[in-house]
Number of protein chains: 2
Amino acid sequence: MSDLLERLRERGWRLTAQRRVVAEVLDGDHVHLTADEVHARAAERLPEISRATVYNTLRELVHRGEVLEVSTDGRAKRYDPNAHRPHHHLLCARCGSIRDVHPTGDPLANLPAAQSFGFTVLEAEVTYRGICPDCAA
Amino acid sequence: MSDLLERLRERGWRLTAQRRVVAEVLDGDHVHLTADEVHARAAERLPEISRATVYNTLRELVHRGEVLEVSTDGRAKRYDPNAHRPHHHLLCARCGSIRDVHPTGDPLANLPAAQSFGFTVLEAEVTYRGICPDCAA
DNA sequence: ACCCTACATTGGACAGGATCTAAGGCAAGG
DNA sequence: CCTTGCCTTAGATCCTGTCCAATGTAGGGT
Ligand SMILES: [Mn+2]
Ligand SMILES: [Mn+2]
Ligand SMILES: [Zn+2]
Ligand SMILES: [Zn+2]
């Protein structure tokens with residue numbers, strides 16, 4: 001994740017302790033934390049970090065395309081550092097856990113032009129729902 | 001929509017003026033109203049209806065499978081009476097308007113078993129995003 | 001090494017969406 | 001008609017996320 005920070009610094013991003021910690025928390029695979037979860041984990045390393053800064057930082061990382069915002073249900077949005085390999089999500093309907101999945105085919109190709117209603121269609125997002133192994137037991 | 005009310009009454013649902021009005025507001029195709037929009041339209045016919053009752057009624061209709069809840073991105077959820085014909089949605093990223101779409105193919109078939117992570121996969125929901133004709137102008 | 005200053009951080013106020021509560025209202029079976 | 005258990009209501013409360021004015025600081029310039 002230090003690649004990320006270096007990249008952003010070169011684009012004029014000030015490297016602060018808070019931003020570094022948020023980036024560290026978001027490092028890894030299958031990470032889909034809510035803003036408050038990011039704040040809680042960041043606060044373990046940097047107790048005085050504020051919620052506002054976490055929200056600011058996440059908003060900018062999303063805006064710069066380094067982090068994806070995933071709105072699952074009507075609940076809190078989740079933040080996904082796996083922004084460079086396009087993928088979709090498999091959700092547990094019971095506990096809300098999320099896994100990255102890579103389905104075959106392009107869902108955009110499945111939308112006939114006659115179904116576009118004059119929209120400029122930009123992306124297709126697939127959400128699979130089911131019951132995870134833990135919840136099935 | 002009176003079919004719906006009759007069905008529910010037989011299952012022990014009390015038929016009140018408020019519930020009748022909410023059901024009437026939700027009648028039709030391509031209806032994807034927010035709870036507040038439902039409340040506003042219901043209040044035209046029944047001025048004293050409260051927001052709480054609209055929320056209560058919508059929650060129950062969703063729970064009984066008569067209405068779909070569509071969570072758009074961070075905005076208010078939308079309520080969709082078209083619950084009996086499976087379909088997907090095309091969403092304007094700018095103004096939040098929604099259209100029903102019927103893509104070809106079955107997205108469930110595009111998820112390889114190796115990608116299931118032990119989940120029992122139940123459904124796949126596709127959200128197309130773009131810019132609607134009004135917002136493009 | 002030290003200054004500057006433009007940019008970042010902070011706590012708390014604020015806002016929209018949705019749920020909860022306790023008190024009073026009413027559908028519908030008897 | 002009564003009765004009773006479910007419904008409705010206004011308002012409080014919760015949750016997520018944004019905004020603000022005051023304070024702090026990264027990092028380029030000297
Ligand atoms: Mn992901
Ligand atoms: Mn629909
Ligand atoms: Zn689960
Ligand atoms: Zn639009």
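A, B, ... follow the sequence lines: proteins, then strands. Residue 1 opens every chain.
D80(B) and H89(B) share a side-chain donor-acceptor pair at under 3.5 Å. A donor and an acceptor atom, one from each side chain of H32(A) and N82(A), are nowhere located under 3.5 Å apart.
Terminal axes of the helix from dA1(C)-dT30(D) to dG30(C)-dC1(D) (five pairs each, C1' rotation axis) are separated by 30°, to the nearest 10°.
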Show every donor-acceptor pair shorter than 3.5 Å between a side-chain atom in residues 58-65 of chain B and any protein atom, with sequence neighbours excluded, or say none if there are none.
from, atom 1, to, atom 2, distance (Å)
R59(B), NH2, N56(B), OD1, 3.3
E60(B), OE1, W13(B), NE1, 2.8

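For Y79(B), the side chain to side chain donor-acceptor pair (under 3.5 Å) criterion is met by E69(B), not counting sequence neighbours.
In this structure, the nucleotide among dT16(D), dT8(D), dG17(C) sitting nearest to the side chain of T53(B) is dT8(D). Between dT16(D), dT9(C), dT8(D), one nucleotide has an atom nearer to the side chain of R19(A) than all others, and that is dT9(C).
For residues 114-137 of chain A, the set of pairs meeting the salt bridge (charged side-chain N to carboxylate O under 4.0 Å, His left out) definition, not counting sequence neighbours, comprises E123(A)-R129(B), E125(A)-R129(B), R129(A)-E123(B), R129(A)-E125(B).
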*May I have the step-by-step check of salt bridge (Lys or Arg N to Asp or Glu O under 4.0 Å) for E66(B) and R7(B), ending in yes or no?*
CA-CA 10 Å; E66(B) 300 289 352; R7(B) 238 183 300 152; 2.8 Å; yes

*asked:* For a salt bridge (Lys or Arg N to Asp or Glu O under 4.0 Å) check, start with the C-alpha distance between E6(A) and R9(A), then their side-chain angles and the critical distance, and finish with the verdict.
replied: CA-CA 5 Å; E6(A) 195 53 32; R9(A) 202 183 58 73; 2.9 Å; yes

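Shortest non-hydrogen contact noted between S116(B) and V121(B) is OG-CG2, 4.0 Å.
Between the CG atom of D73(A) and the C1' atom of dC15(D) there is a distance of 13 Å, given to the nearest Å. Remark: C1' of dC20(C) and OH of Y55(B) are 13 Å apart, rounded to the nearest angstrom. Atom CD of E37(A) and atom P of dT16(D) are 10 Å apart (whole Å). Look at CZ on R78(A): it is 13 Å from C1' on dT16(D), rounded to the nearest Å. With rounding to whole Å, R59(A) atom CZ is found 13 Å from dT9(C) atom C1'.
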*Nucleotide by nucleotide, 5' to 3', does protein get under 4.0 Å of the base (B), only the sugar-phosphate (S), or neither (-) in nucleotides 20-30 of chain D, counting heavy atoms?*
-----BBS---

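In summary, R51(A) and D36(A) engage in a salt bridge, as defined by a charged side-chain N under 4.0 Å from a carboxylate O.
The aromatic rings of H87(B) and H102(B) lie tilted to each other, with the angle between the two planes from 30° to 60°.
Nearest-nucleotide positions on DNA chain C place Q18(A) closer to the 5' end than the other of G74(B) and Q18(A).
A heavy-atom distance below 4.0 Å to DNA chain D is reached by these residues of residues 38-48 of chain B, ordered by number: E48(B).
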